[in-house]
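Here is the naming used below: chain letters follow the sequence lines, and residue numbers restart at 1 for every chain. Remember, it's a predicted structure, so these values are computed and weren't measured experimentally.
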Protein chains: 2
Amino acid sequence: MVTIREVAKESGFSSTTVSIVLNNAPLSRYIPETTKKKIERAAKKLGYRPNLFARTLRNQRTHTVGVMVFDMTDPYCTPILRGIENTLYQASFLPILTDVHNERSRFERYLEMLLDRKVEALIIVANWLFVDIDVLGDLEKNNVPTAMIGREPHTRSIGSVMVDNEQGTQMAIQHLFALGHRQIAFLRGPKHITDTAPRWKGVQDFAKKNGLEIDRKLVLDLPESRDPLSPFDAGYKLTMELLETKRPFSALMAFDDMTAFGAIRALTRAGIKVPEQCSVVGFDDIAHSRYLTPGLTTVRQPMPEMGAMAVSLVSEGISAVQEKRKITLNHRKLSPELIVRESTAAVV
Amino acid sequence: MVTIREVAKESGFSSTTVSIVLNNAPLSRYIPETTKKKIERAAKKLGYRPNLFARTLRNQRTHTVGVMVFDMTDPYCTPILRGIENTLYQASFLPILTDVHNERSRFERYLEMLLDRKVEALIIVANWLFVDIDVLGDLEKNNVPTAMIGREPHTRSIGSVMVDNEQGTQMAIQHLFALGHRQIAFLRGPKHITDTAPRWKGVQDFAKKNGLEIDRKLVLDLPESRDPLSPFDAGYKLTMELLETKRPFSALMAFDDMTAFGAIRALTRAGIKVPEQCSVVGFDDIAHSRYLTPGLTTVRQPMPEMGAMAVSLVSEGISAVQEKRKITLNHRKLSPELIVRESTAAVV
DNA sequence: TGCAGGTATTAAAACGTTTTACATTCCTGA
DNA sequence: TCAGGAATGTAAAACGTTTTAATACCTGCA
């Protein structure tokens with residue numbers, strides 16, 4: 001490995017000057033062009049690459065951001081990660097991605113690793129979060145700017161990016177309503193998931209405002225589970241139960257896309273055609289949803305944008321730390337978008 | 001931040017001794033238990049965490065492995081990444097994941113970043129690889145143990161993990177054949193994908209051996225593309241073309257699962273029921289395949305195992321580097337597994 | 001003439017480890 | 001009594017940067 005001293009020797013200047021020139025430091029203002037040229041030539045000739053560890057040791061900067069995701073296999077998070085990666089890349093930051101497997105111990109271990117590696121910020125993709133909240137409380141102590149995606153933190157010192165869940169379900173039910181559906185079944189999310197309540201609130205608000213009657217017998221809840229793919233099986237099972245009650249419904253609104261997939265399978269098995277005999281709508285718009293036949297009508301979360309937004313929140317925090325200002329992080333709520341595909345149709 | 005010197009002061013020993021004890025270095029053999037206890041207590045009391053950058057600067061080890069994936073949004077790679085992550089975690093290594101977006105410039109940039117950060121090994125998930133081979137040739141120069149998943153490297157110095165493509169398609173066509181299918185349509189992969197040739201060879205070998213006649217008019221090729229999700233649209237389009245020729249077929253074998261999804265949509269649109277009127281089989285067994293209705297019969301690549309295998313290959317390389325032995329990396333071919341779901345049925 | 005201030009450059013300290021080489025004491029066997 | 005090894009510990013160098021503080025020269029101005 002070629003060091004700065006070798007570049008110094010080669011160029012005939014001291015390593016101080018080399019450092020100043022190569023980093024374009026403030027002092028380089030006083031260094032004449034000819035000197036700069038010589039140094040740059042020498043550096044290039046030797047193929048000099050500064051040792052990042054020495055550099056970090058000295059000036060404390062790592063140009064890395066820790067990213068913790070609760071479950072990588074959840075298709076919901078891939079586009080978010082893309083958004084994060086893409087935005088960080090522009091800023092020459094390197095994301096360090098860890099997958100917590102929804103386990104407390106892994107969360108703690110990885111958090112430790114990231115802090116040891118002195119990430120300059122932390123982004124937490126809290127999809128399908130099972131870990132208790134107090135773990136997240138620990139985050140406050142470390143004065144690393146932190147943002148959470150998909151969950152409202154209970155503390156002010158952590159930024160957050162959320163989709164507007166209420167608005168999302170309102171759009172979905174509005175769509176079903178407009179298609180003439182009045183007997184609608186609902187598969188609500190598990191109680192421990194924070195998205196569950198606001199999504200249901202959106203439905204209720206719409207129902208109240210538009211005189212839509214909700215049959216409580218057609219409302220079922222997904223069971224708790226730490227597996228983000230489990231809603232498929234649960235959706236299948238609950239839909240089967242729903243069918244057994246013989247209570248008629250012409251549309252079904254699922255907590256998320258995976259639940260919708262399960263529901264579709266159950267309906268199909270029961271000989272009920274989607275969307276001809278029953279419309280189905282999901283939430284999230286994960287990648288699968290487009291490729292399913294029929295394509296799933298769903299509420300899209302702007303996942304890449306959410307990732308990008310989280311980066312921009314923590315960037316602000318990083319600047320604050322640099323300038324020794326106090327860090328304050330904002331909370332953002334992004335609007336979803338209704339994606340109409342083939343799984344919904346007008347009531348016959 | 002508390003340094004080793006503060007621990008030294010607190011415990012009453014020199015930082016040398018503290019270092020020896022805390023690292024359990026060979027010399028610690030001579031340090032009496034009482035001393036060790038005192039030092040450990042002091043370290044714990046102060047909450048000492050060694051500065052990894054200082055440590056790396058000194059002893060050159062980073063305990064990180066670079067992982068480069070060509071396209072994160074490809075559902076094929078998520079389980080592989082899980083396998084990699086999980087295995088590295090056991091060994092207290094931290095993966096540093098980069099997404100190359102199938103762009104040459106990003107590949108080079110990220111490679112540079114990873115090398116600057118002195119990753120101790122490199123794992124490349126070469127799914128849906130578009131980047132030219134010579135870029136990969138560059139990898140040889142850096143004497144970092146490297147393994148590739150999903151593609152045979154042209155050089156001996158890089159390890160590789162592949163699925164046995166030939167065996168996979170043989171299993172698939174054997175399955176269709178056993179169900180009585182004789183008129184089978186094929187959607188082959190794009191020519192620039194390395195998997196394409198061996199998969200087709202598996203089909204041909206089986207056909208020859210079992211007297212199955214392949215109608216060349218029923219064999220179409222996917223176009224080239226750098227998007228791993230594009231086969232959906234291509235599969236749809238090609239299947240439509242196939243149907244227009246009016247040439248009968250009772251089964252369709254797709255290059256991969258995405259292609260199969262596209263084919264299923266086309267068939268469904270054309271009023272042809274899967275599997276009653278036409279069986280469809282895919283390749284890969286990405287997560288979607290289970291959740292589609294009907295569930296897709298496909299050839300499963302053992303993705304988590306492939307990831308784990310790649311880690312074990314480079315681990316060997318890391319050991320070699322440590323002991324200053326010459327690094328040699330192996331090539332492994334793993335067996336796929338036929339997953340029979342609902343998209344295939346006996347010919348009527 | 002003296003001095004203020006800009007320009008050009010560098011020596012040396014500092015960042016926090018690990019490791020080499022050495023120092024001291026204590027024991028053991030001759 | 002002494003040589004030499006084992007046990008216990010440390011001073012100092014080294015890893016490769018960045019930055020502070022300093023030096024030296026020049027120019028222009030009072």
Side-chain angles (χ1 to χ4, degrees), chain A residues 1-40 42-43 46-64 113 115-118 120 321-324, chain B residues 1-40 42-43 46-64 113 115-118 120 322 324:
Chain A
M1 279 292 90
V2 26
T3 77
I4 199 175
R5 269 184 275 270
E6 301 176 46
V7 177
K9 186 160 294 176
E10 171 78 22
S11 66
F13 294 92
S14 73
S15 45
T16 305
T17 310
V18 174
S19 174
I20 290 169
V21 168
L22 262 27
N23 291 308
N24 212 349
L27 248 33
S28 72
R29 192 160 37 107
Y30 298 129
I31 309 232
E33 275 310 312
T34 61
T35 304
K36 289 185 182 172
K37 281 276 174 296
K38 278 184 208 157
I39 289 177
E40 275 152 13
L46 299 181
Y48 170 66
R49 308 241 78 206
N51 181 314
L52 294 193
F53 295 88
R55 175 177 287 177
T56 295
L57 181 58
R58 174 64 220 208
N59 69 4
Q60 306 290 35
R61 299 214 55 178
T62 59
H63 282 276
T64 56
M113 282 178 149
L115 293 176
D116 278 351
R117 286 195 155 75
K118 304 217 187 299
E120 299 191 34
V321 168
Q322 288 305 306
E323 300 158 16
K324 301 183 200 304
Chain B
M1 279 292 89
V2 27
T3 77
I4 199 173
R5 269 183 275 270
E6 300 176 47
V7 177
K9 184 159 294 175
E10 172 78 21
S11 66
F13 294 92
S14 72
S15 47
T16 305
T17 310
V18 174
S19 174
I20 290 169
V21 169
L22 262 27
N23 291 309
N24 214 348
L27 247 34
S28 73
R29 196 161 32 111
Y30 298 128
I31 311 245
E33 275 310 313
T34 62
T35 304
K36 289 185 184 174
K37 280 277 173 299
K38 277 184 209 157
I39 290 178
E40 274 152 14
L46 300 181
Y48 170 64
R49 307 241 79 207
N51 181 313
L52 295 192
F53 295 87
R55 175 176 284 177
T56 296
L57 181 58
R58 174 65 220 203
N59 70 5
Q60 305 290 36
R61 299 214 56 177
T62 59
H63 283 276
T64 56
M113 282 178 149
L115 294 176
D116 279 350
R117 286 195 156 75
K118 304 218 188 300
E120 298 192 34
Q322 287 306 305
K324 299 182 201 304

Quick check: closest heavy atoms across [X] and [Y], and the distance to 0.1 Å?
| X | Y | answer |
| --- | --- | --- |
| B/Ala43 | B/Leu22 | CB-CD2, 4.1 Å |
| A/Thr56 | A/Arg61 | OG1-O, 2.9 Å |
| A/Phe13 | A/Ile39 | CD1-CG1, 3.9 Å |
| A/Leu57 | B/Ala54 | CD1-CB, 3.8 Å |

Problem - Set of side-chain contact (heavy atoms from CB on, under 4.5 Å) partners for B/Glu10, sequence neighbours left out - result: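 B/Ala42, B/Lys45, B/Leu46.
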Practice task
With side chain to side chain contact (heavy atoms under 4.5 Å, CB included) as the test, would you mind laying out the steps for B/Phe53 and A/Thr62 before giving the verdict?
Solution key: CA-CA 10 Å; B/Phe53 295 87; A/Thr62 59; 3.6 Å; yes
Handout entry: Between CD on residue B/Gln322 and NZ on residue B/Lys324, distance to nearest 0.5 Å
Key =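 Answer rounded to 0.5 Å: 8.0 Å.
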Practice task
Output the distance between atom NZ (A/Lys9) and atom OG1 (A/Thr3), rounded to the nearest 0.5 Å.
Solution key: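 Spacing of NZ (A/Lys9) from OG1 (A/Thr3) equals 9.0 Å.
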Exercise for the section: Specify the residues of residues 51-58 of chain B, ordered by number, for which at least one heavy atom lies under 4.0 angstrom from an atom of DNA chain D. Expected result: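 Residues of residues 51-58 of chain B under 4.0 Å from DNA chain D: B/Leu57, B/Arg58.
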Practice task
Would you tell me whether A/Thr16 and A/Ser19 have side-chain atoms, one donor and one acceptor, within less than 3.5 Å of each other?
Solution key: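 Per modelled atom types, A/Thr16 and A/Ser19 side chains form no pair under 3.5 Å.
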Exercise for the section: Answer yes or no: does a side-chain N or O of A/Thr17 lie under 4.0 Å from OP1 or OP2 of C/dT10? Expected result: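 For C/dT10, OP1 or OP2 has a side-chain N or O of A/Thr17 closer than 4.0 Å.
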Handout entry: Atom pair distance, as rounded to whole Å: CG in B/Asn24 and C1' in C/dT19
Key =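 B/Asn24 atom CG is separated from C/dT19 atom C1' by 16 Å.
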Exercise for the section: Using whole Å, report how far CG of A/Leu22 lies from P of C/dT9. Expected result: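 To the nearest whole Å, that distance equals 15 Å.
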Handout entry: Close side-chain approach of B/Asp116 to A/Arg49, heavy-atom, < 4.5 Å
Key =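 Yes. Closest side-chain heavy atoms under 4.5 Å.
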Practice task
Please work out if A/Thr3 contacts a base, only the sugar-phosphate, or nothing of the nucleic acid, heavy-atom cut-off 4.0 Å.
Solution key: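 A/Thr3: backbone/sugar contact only, no base atoms under 4.0 Å.
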Practice task
Answer with base, sugar-phosphate or nothing: what part of the nucleic acid does B/Arg5 contact at a heavy-atom distance below 4.0 Å?
Solution key: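 Base contact.
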Practice task
Kindly calculate the angle separating the two end axes of the helix from C/dT1-D/dA30 to C/dA30-D/dT1, each obtained from five base pairs, and round it to 10 degrees.
Solution key: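 End-to-end axis angle for the helix from C/dT1-D/dA30 to C/dA30-D/dT1: 70°, rounded to 10°.
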Exercise for the section: List in chain and number order the residues that pass side chain to side chain donor-acceptor pair (under 3.5 Å) with A/Asn24, two or more places apart in sequence or in another chain; answer none if no residue qualifies. Expected result: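 If we apply the side chain to side chain donor-acceptor pair (under 3.5 Å) test to A/Asn24, skipping adjacent residues, the hits are A/Ser28.
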Practice task
For A/Ser15 and for B/Phe13, locate the closest nucleotide of DNA chain D by heavy-atom distance; then report the residue assigned to the nucleotide nearer the 5' terminus.
Solution key: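 The answer here is B/Phe13.
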Handout entry: Worked verdict on B/His63 versus A/Arg117 for side chain to side chain contact (heavy atoms under 4.5 Å, CB included)
Key = CA-CA 11 Å; B/His63 283 276; A/Arg117 286 195 155 75; 4.1 Å; yes
Exercise for the section: Show your reasoning for whether side chain to side chain contact (heavy atoms under 4.5 Å, CB included) applies to B/Leu52 and A/Lys118. Expected result: CA-CA 9 Å; B/Leu52 295 192; A/Lys118 304 217 187 299; over 6 Å; no
Exercise for the section: With a 4.0 angstrom cut-off to heavy atoms of chain B, pull out the first and last contacting nucleotide of DNA chain D, in 5'-to-3' order. Expected result: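 Contact span on the strand: D/dA7 to D/dG16.
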Nucleotides 21-29 of chain C: which of its N/O atoms have a protein N/O under 3.5 Å away?
none

